[in-house]
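As structure tokens, the structure follows; a few thoughts come after it.
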There are 2 protein chains.
Amino acid sequence: LINLMNICKFYHMGDQTVKALDHINLAIEENEYVAFIGSSGSGKSTMMNILGCLDKPTEGEYLLNGKQVSSLSQNQLAEIRNQEIGFIFQSFNLLPRASALDNVMLPLVYKGLKLSERRKLAIEALEKVNLADRMGHIPSQLSGGQRQRVAIARALVTKPSILLADEPTGNLDTQTTRDIMVLFDELYHEGQTIIMVTHEDDVASHCRRVIRLSDGQVKDDYQNEKE
Amino acid sequence: LINLMNICKFYHMGDQTVKALDHINLAIEENEYVAFIGSSGSGKSTMMNILGCLDKPTEGEYLLNGKQVSSLSQNQLAEIRNQEIGFIFQSFNLLPRASALDNVMLPLVYKGLKLSERRKLAIEALEKVNLADRMGHIPSQLSGGQRQRVAIARALVTKPSILLADEPTGNLDTQTTRDIMVLFDELYHEGQTIIMVTHEDDVASHCRRVIRLSDGQVKDDYQNEKE
Ligand SMILES: Nc1ncnc2c1ncn2[C@@H]1O[C@H](COP(=O)(O)OP(=O)(O)OP(=O)(O)O)[C@@H](O)[C@H]1O
Ligand SMILES: Nc1ncnc2c1ncn2[C@@H]1O[C@H](COP(=O)(O)OP(=O)(O)OP(=O)(O)O)[C@@H](O)[C@H]1O
Ligand SMILES: [Mg+2]
Ligand SMILES: [Mg+2]
């Protein structure tokens with residue numbers, strides 16, 4: 001499904017070069033459940049942005065479903081992002097003047113559904129993250145963990161074939177974190193591909209494969225022992 | 001040092017009332033090391049904003065150092081916030097167009113120090129959070145955990161007598177979290193008052209007192225057993 005070949009992401013700052021990703025070679029199959037771990041600044045979000053077609057590498061090739069992403073047009077990239085990928089950002093990126101409900105309804109517009117259907121699916125998604133009673137609030141009227149859950153609901157509402165989740169539980173207490181992991185596990189058992197970044201061991205333990213990044217390179221890549 | 005008496009924070013949304021804080025009675029002494037825990041939406045950030053004089057309660061009284069905060073002028077409040085309190089926000093709140101160094105230097109302006117002295121203290125603070133090599137980057141050129149550490153350095157640079165930290169390690173890996181807790185422990189042993197919000201048990205275990213909020217009320221208030 002996903003093939004990264006010699007992927008580099010370099011930033012040139014004056015006379016210094018920051019190597020956010022440094023010659024990454026990686027293959028991820030359909031219906032894998034992957035956790036990226038690694039210290040702060042090791043390249044995890046950069047990796048997610050490239051996987052999600054939100055950013056281009058400086059060098060190297062990214063093959064998604066066999067197609068070279070670098071050769072796709074802006075329209076084709078937008079279509080992939082809207083139809084196939086669900087993205088949960090580390091800093092949520094909600095529309096600040098739209099309610100939780102409107103934020104979650106937004107990705108459904110590309111599915112060509114009518115308003116009543118979009119509303120119904122969005123309310124179901126908000127119920128799954130326990131936020132039905134906050135659907136009218138705009139982001140500034142929500143707690144940090146509530147904004148994070150709106151971002152999660154928005155990514156899940158289109159039932160994406162690839163879910164990219166950058167630290168989806170960083171602002172959540174233990175019980176809420178468990179509820180969210182139940183949702184991700186469900187999606188995985190329905191056949192989807194889940195790729196997440198996390199700092200928490202109990203979250204990484206839900207995944208089947210753990211890839212550790214350090215200074216922009218893959219340092220470890222192992223299977224989680226699970227029944 | 002801190003006395004909250006019947007503190008309420010209500011939001012009126014149409015015909016519903018959200019009780020973010022619901023009759024809070026609490027006393028915190030000087031040089032305490034307190035962790036607020038509780039589920040997402042339970043009122044922790046609201047509590048921190050009131051303690052930090054960034055928000056006013058709907059009802060009730062807040063006594064800080066014996067003075068009624070509600071009777072203080074805007075100027076007096078600003079002075080308290082600048083001189084006595086260090087605040088680490090759950091969403092960092094960095095100046096987006098200023099470098100990490102400039103962001104950390106900013107609170108020192110109120111101390112009346114000259115530029116070279118402010119720069120020196122800011123660089124030391126960035127070194128303590130392992131970000132000296134990123135001091136020229138602006139927030140969009142930093143990872144999530146790096147932005148969080150800039151916010152931490154900015155709060156610590158004035159050696160505040162009260163440190164208010166809202167989920168200071170939410171975006172940090174385990175090792176970096178430990179490094180940050182070492183800094184907080186140092187500040188505590190120097191006699192400062194540390195009040196933090198956290199979702200992580202190992203972080204709360206550094207504190208001497210743990211207060212659990214639920215639906216805007218204090219549900220638990222216990223001492224951590226430590227040598
Ligand atoms: N401006 C507002 N208008 C309406 N409701 C609000 C507003 N700000 C906060 N709330 C509500 O007040 C409650 C408490 O919010 P608060 O941010 O204090 O929670 P929290 O404990 O910090 O949560 P988290 O762990 O998710 O950060 C939440 O249910 C939130 O929806
Ligand atoms: N626009 C940019 N310009 C320069 N350097 C950048 C830029 N964006 C990111 N970086 C650097 O690239 C490195 C990797 O960043 P990235 O956001 O991928 O880290 P991360 O692993 O997600 O970290 P965290 O766990 O803190 O979120 C960091 O050292 C960061 O400073
Ligand atoms: Mg990141
Ligand atoms: Mg909060």
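Please read these numbers as outputs of a predicted model, since none were measured by experiment. Each chain gets a letter, A, B and so on, in the order its sequence line appears, and its residues count up from 1.
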Measuring heavy-atom distances to chain A, does [X] have an atom under 4.5 Å in its side chain, in its backbone, in both, or in neither?
X	result
Gln16(B)	neither
Gln146(B)	both
Ser40(B)	both

At a heavy-atom distance under 4.5 Å, which candidate from [options] has the highest pair count against chain A?
options	value
Gly38(B), Ser45(B), Gly41(B)	Gly41(B)
Gln141(B), Lys44(B), Arg147(B), His137(B)	His137(B)
Asn171(B), Thr176(B), Asn130(B), Leu142(B)	Asn171(B)

Spatial distance of atom CG (Asp133(B)) from atom CD (Glu127(B)) [nearest 0.5 Å]: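 Separation between the atoms: 10.5 Å.
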Spatial distance of atom OG1 (Thr177(B)) from atom CG (Leu172(B)) [nearest 0.5 Å]: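 Reported value, rounded in 0.5 Å steps: 4.5 Å.
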Hey, is CZ on Arg81(B) packed in by over 12 heavy atoms from elsewhere, all under 6.0 Å?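 Enclosed.
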Tell me whether the count of non-hydrogen atoms from other residues, nucleotides or ligands lying under 6.0 Å of NZ in Lys219(A) goes above 12.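 Atom NZ in Lys219(A) is crowded, with more than 12 foreign heavy atoms closer than 6.0 Å.
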With respect to chain B, which residue among Met13(A), Arg134(A), Gln175(A) yields the maximal number of heavy-atom pairs within a distance under 4.5 Å? Met13(A)
Just so I understand: if I count every heavy-atom pair under 4.5 Å between each of Ser39(A), Ser91(A), Gly43(A), Gly136(A) and chain B, which residue has the most?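 So the answer, after comparing Ser39(A), Ser91(A), Gly43(A), Gly136(A), is Ser39(A).
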Any chance the side chains of His199(B) and Glu167(B) put a donor and an acceptor closer than 3.5 Å? yes
Can you see whether Glu200(A) engages Thr169(A) through a side-chain donor-acceptor pair at a distance of less than 3.5 angstrom? yes
